[in-house]
Structure formats: structure tokens, C-alpha cells
Amino acid sequence: MALDRVAGGVWLLRGDFRGAMNIYFIEDGDGVVQFDAGTKSMRKKAAEAARELGGLKRIVLGHAHADHRGTAPYLGAPVFCHPDEVTDAEGDKAVTPYFNLSLLPVAPVRWIYPLLLRWWDGGAVKVNGTVSEGDEVAGFKVLHFPGHAPGLIGLWRESDRVALVSDTVYLVDSARLKPLPHGEASVPHPAFAWNHQEAKRSVRRLAELEPLVVATGHEEPLRGDNLRPVLEAAAEKF
Ligand SMILES: [Zn+2]
């Protein structure tokens, strides 16, 4: 099983579209917690990875978008998310109701997203419990980063300044379906925002943490001794 080691006790499974869909596994006692659930097509590999790492204790969703909840119904583990994501996680819509795809500038990208989101989605998820700002998950602290989704959460470990942030910040140009130039980041495109101003504030909050590793929902983690200016610039992209 090809897993990338992100930090102590943290592994990354990459899959689906260009290998850019990320699922993280965090050591928790004799098993692992899965952070984010990727796309439906990743379900077999996710199950295999969790088994190899000692067994899946629970799944924590960074947020409930189709490409982040895809494997959750298939892995037989209890699912947790932020209280503000429960409705969308348990809903059956692959295209999240507040998306405004008409804001996407490239017509074919505008047309293909509903198809991609339906392909990626694993359907409605049964949520077994919630986690909120300040809660602990496998040695990480839950941080609320609303904006791209109302209940988007990240996980923060102060000791080695590792942040797992789901879609708080993008390393992809989602309006053109391609990666950003290496070392660049961006607030998610407003087409995918629940509240774009809050999304910008959440990226600024992440910048203030001065992380050394920002492990995102898509593409390889961003690393560096001075990510604050990169993230501050990211908040201003849209
Ligand atoms: Zn998202």
C-alpha cells in the first residue's frame, strides 16, 4: 500500500482524479483515525490502508462535500463531523446546495463539475457524533475554519506545527482543474463557498498559526519554514 508519511504518526493516501484526492490516517492507540473520506472510488484502498495501520477507529470529516465524504458510508467505522456539517453530510445531494457553479469562468469546467461531484460522491453518510473547536482528535486539536463549508474543520498539532486543513486552503486551481504552481496556495474559489469572506478569514487564521506543514484536501502537503506570507497571499487570491 503506497502511503506517504506526512509527519509523526500521520499518513496520506492519495487517489482518484490525478491522485489529488487526499485521505489522512492518524495513529490513535493501536489503530488509526481517518481524517477526510476522499471519493467513493477510494473505498477499497482506504479500507486496506486502515487495516494495515491497525484498524479504523473512527472517521472525522473535514467537511461534507462530495469529494471529502466519498468513502465514509463504506468503511464500517463511526463517522464524526462538525455540528454545522451534519445536515449536508446526511443529505443525499452530491452538488452542495450553496455552490454557485455559474461563477466559474471556464464553461466546460462549469458543465463538468456536477458530473464529477456525482461520480466522486458516496452518498448520504450516517453521522454518529460531532467534534467542535478545541476538541481533541488523536493528539490534534480541532480548529473551526468556516467559509468554504459552514462546519469545515482542521486538525492542529502545536508540538511539530502540523495542520491538516481539508479545503481551508487550496493547492489547486479548481476553476481550471489543475494544480497551482508549486509553493502557491489559494483560498477556495467563491463558486464553492458557503461564505467567501469567512473563508478568507479562516485562511488568515491558518497563516497566523505559522504552520510548518499544511496538509490539504488536494495535492501534496505544503511545507516550509515560513508559510505565513504564502498563506496570507492565499487569502487574497479571490
Ligand atoms: Zn470542499
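In this chain, numbering begins with 1 at the start of the sequence shown. Computed from a prediction, not measured in an experiment: that's the story for all the values here.
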> For the side chain of Arg110 and the backbone of Leu101, is there at least one donor-acceptor N/O pair under 3.5 Å apart?
no
> To the nearest 0.5 Å, tell me how far Cys81 SG sits from Asp36 CG.
11.0 Å
> Tell me the closest heavy-atom pair linking Gly38 and Ile23, and the distance in Å.
N-CG1, 3.6 Å
> Give the cluster check for Leu56 versus Val60: same hydrophobic cluster or not, with ILVMFWY residues linked at side-chain heavy-atom distances below 4.5 Å.
no
> Nearest heavy-atom pair of Leu231 and Pro211: which atoms, and what distance?
CD1-CG, 3.9 Å
> Looking at CD1 of Ile59 and OG1 of Thr71, how far apart are the two atoms once the value is rounded to the nearest 0.5 Å?
5.5 Å
> Please answer: with hydrophobic residues joined when any side-chain heavy atoms are less than 4.5 Å apart, are Val106 and Leu103 in the same cluster?
no
> Once rounded to the nearest 0.5 Å, what's the spacing between atom CD of Glu48 and atom CG of Leu13?
9.5 Å
> Closer than 3.5 angstrom, by distance alone: can the side chain of Arg43 be matched with the main-chain N or O of Gly122 as a donor-acceptor pair?
no
> Flag the pair Tyr113 / Leu104 as yes when at least one side-chain heavy-atom distance between them is below 4.5 Å, and no otherwise.
yes
> With no hydrogens and no angle check, is any side-chain donor or acceptor of Arg14 less than 3.5 Å from a backbone partner on Gly19?
yes
> If hydrophobic clusters are built by linking Ile, Leu, Val, Met, Phe, Trp and Tyr wherever their side-chain heavy atoms come under 4.5 Å apart, do Val127 and Phe35 end up in the same one?
no
> Is the shortest side-chain heavy-atom distance between Pro221 and Leu12 below 4.5 Å?
yes
> Treating His63 as the side-chain partner and Ala89 as the backbone partner, does any N or O pair qualify as donor plus acceptor under 3.5 Å?
no
> From Leu116 CG over to Thr39 OG1, what is the distance, rounded to the nearest 0.5 angstrom?
10.5 Å
> Considering all heavy atoms of both residues, which atom of Ala37 and which atom of Ala72 are nearest to each other, and what is their separation?
CB-N, 3.7 Å
> Give the C-alpha distance, both sets of side-chain angles, the deciding distance and a yes or no for side chain to side chain contact (heavy atoms under 4.5 Å, CB included) between Lys141 and Leu143.
CA-CA 6 Å; Lys141 199 170 96 178; Leu143 299 181; 3.9 Å; yes
> So do Val172 and Leu180 actually touch side chain to side chain, heavy atoms under 4.5 Å?
no
> Determine yes or no for a side-chain-to-main-chain donor-acceptor pair under 3.5 angstrom, with Glu219 supplying the side chain and Leu171 the backbone.
no
> Does the pair Asp88/Arg69 count as a salt bridge with the N-to-O cut at 4.0 Å?
no
> Could you tell me whether the side chain of Ser202 and the main chain of Pro146 form a donor-acceptor pair under 3.5 Å?
yes
> Just verifying a value: how many Å separate Lys44 NZ and Leu75 CG, rounded to the nearest 0.5 Å?
11.5 Å
> Spell out, as yes or no, whether a donor-acceptor pair under 3.5 Å connects the side chain of Arg161 to the backbone of Glu210.
yes
> State plainly whether one hydrophobic cluster holds both Phe80 and Val10, where clusters connect Ile, Leu, Val, Met, Phe, Trp and Tyr through side-chain heavy atoms under 4.5 angstrom apart.
yes
> Are side-chain heavy atoms of Tyr24 and Val6 found at a separation under 4.5 Å?
yes
> Look at Glu208 together with Arg204 and state whether they make a salt bridge at an N to O cut-off of under 4.0 Å.
no
> Are Glu85 and Leu61 side-chain neighbours, meaning at least one heavy-atom pair lies under 4.5 Å?
no
> Can you name the closest pair of heavy atoms from His218 and Thr216 and give their distance?
O-OG1, 2.9 Å
> Taking NZ in Lys93 as the centre, count heavy atoms belonging to other residues, nucleotides or ligands within less than 6.0 Å. Is the count above 12?
no
> Do Val213 and Leu222 make a side-chain contact, defined as non-hydrogen atoms from C-beta onward lying under 4.5 Å apart?
no
> Look at the aromatic rings of Tyr170 and His148 and report parallel, tilted or perpendicular, splitting at 30° and 60°.
perpendicular
> Between Lys237 and Ala185 (side chain of the first, backbone of the second, donor and acceptor by atom type, cut-off under 3.5 Å), is there such a pair?
yes
> Does any non-hydrogen side-chain atom of Tyr98 lie less than 4.5 Å from one of Pro150?
yes
> I want to check something: taking the side chain as every heavy atom from C-beta on, are Glu27 and Trp11 in contact at a cut-off of under 4.5 Å?
yes
> Tell me whether Leu164 shares a hydrophobic cluster with Ile153, the cluster being built from Ile, Leu, Val, Met, Phe, Trp, Tyr side chains joined at under 4.5 Å.
yes
> Can you see which heavy atom on Val165 is nearest to which on Thr168, and at what distance?
O-OG1, 2.8 Å
> What I want to find out is whether Asp160 reaches Arg157 closely enough, with some N-O distance under 4.0 Å, to be called a salt bridge.
yes
> Taking only Lys NZ, Arg NE, NH1 and NH2, and the carboxylate oxygens of Asp or Glu, determine whether Arg205 and Glu198 approach each other closer than 4.0 Å.
no
> Under 3.5 Å, side chain of Glu136 to main-chain N/O of Gly139, donor-acceptor pair present?
yes
> Are Lys126 and Glu90 close enough for a salt bridge, meaning some N to O gap below 4.0 Å?
yes
> So, the side chain of Arg176 versus the backbone of Asp173: is there a donor-acceptor pair under 3.5 Å, distance only?
no
> Which pair of heavy atoms, one from Leu152 and one from Ser166, lies closest together, and at what distance?
CD2-CB, 4.3 Å
> Could you tell me whether Asp121 and Lys40 have a side-chain N and a carboxylate O separated by less than 4.0 Å?
no
> Answer yes or no: are there more than 12 heavy-atom neighbours, outside Trp119 itself, under 6.0 Å from its atom CH2?
no
> Going through the checks in order, is the side chain to side chain contact (heavy atoms under 4.5 Å, CB included) test met by Arg58 and Gln34?
CA-CA 6 Å; Arg58 61 170 166 161; Gln34 180 180 317; over 6 Å; no
> Evaluate Leu206 against Val169 for side chain to side chain contact (heavy atoms under 4.5 Å, CB included), listing each step before the verdict.
CA-CA 9 Å; Leu206 175 62; Val169 71; 4.1 Å; yes
> Measuring centre to centre across the rings, with the benzene-like ring taken for any Trp, is Phe192 within less than 6.0 Å of His65?
no
> Can you list the steps and then say if Leu177 with Ile112 is a side chain to side chain contact (heavy atoms under 4.5 Å, CB included)?
CA-CA 10 Å; Leu177 286 166; Ile112 203 170; 3.9 Å; yes
